[in-house]
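The shown structure was predicted, so the numbers you read here are calculated from the model rather than taken from an experiment.
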Amino acid sequence: MPEVPAHKRMQRRSFLLLALLALLALTSAVAKKKDKVKKGGLGSECAEWTWGPCTPSSKDCGVGFREGTCGAQTQRIRCRVPCNWKKEFGADCKYKFETWGACDGGTGTKARQGTLKKARYNAQCQETIRVTKPCSPKTKAKAKAKKGKEKD
């Protein structure tokens, strides 16, 4: 095997040294970030955090902030309120819903019931809720079309 010239060996060593330094700098930065999360992160020195609702930064949905307190400590974290959330029970209460009931001709609405599945951030949620929505005109049109076909 032919011998590698000295300047080529020096270039390889320099490259390896540079790569090693870059790797050390990267691992140091990651370690500092982990320490920062442990010191000031959620649950630092405090076991019982109380979180408020997610408040959107603008309008009534989208990105916002949630404030938490534990003793004398206060933290603010980013959160997101879905734009289709139901104001009656909030975005932190997750429910499992039944299917929609039949349309009530008197009120022009249909209803369904939901059972609490999950309360995020210790939110105060009702165990069961009842929600309503207007009956869609398409459903009425389809029902009338079906009745018309049955008469033929």
message: So which atom in A47 and which in C70 form the shortest heavy-atom distance, rounded to 0.1 Å?
response: N-SG, 4.3 Å
field: C125 SG to R120 CZ distance, which is reported to the nearest 0.5 Å
entry: 10.5 Å
task: Could you tell me whether the side chain of W49 reaches within less than 4.5 Å of the side chain of Q73, counting heavy atoms only?
output: yes
task: Indicate the atoms forming the closest heavy-atom contact of D104 with C135, along with that distance.
output: N-SG, 4.3 Å
message: Rounded to the nearest 0.5 Å, what separates atom CD in Q113 from atom CD in E98?
response: 5.0 Å
task: Heavy atoms only: give me the nearest C61-V81 pair and the separation to one decimal.
output: CB-O, 3.6 Å
- prompt: Given D92, which of K118, R66, Q124 fulfils the side chain to side chain contact (heavy atoms under 4.5 Å, CB included) condition?
  reply: R66
message: When you compare the side chain of W51 with that of Q75, does any pair of heavy atoms fall below 4.5 Å?
response: yes
message: Return the OG to CZ distance between S57 and R80, rounded to the nearest 0.5 Å.
response: 11.0 Å
- request: Report the distance from atom CD of E67 to atom CD1 of I77, rounding to the nearest 0.5 Å.
  value: 10.5 Å
task: Please answer whether the main-chain N or O of C54 pairs with a side-chain N or O of Y121 as donor and acceptor at a distance below 3.5 Å.
output: no
statement: Separation between OG1 (T128) and CZ (F97), nearest 0.5 Å, reads 10.5 Å
task: Answer whether the closest heavy-atom distance between the side chains of R112 and V131 falls below 4.5 Å.
output: yes
- request: With the side chain counted from C-beta on, respond yes when F65 and R78 share a heavy-atom pair under 4.5 Å apart, and no when they do not.
  value: yes
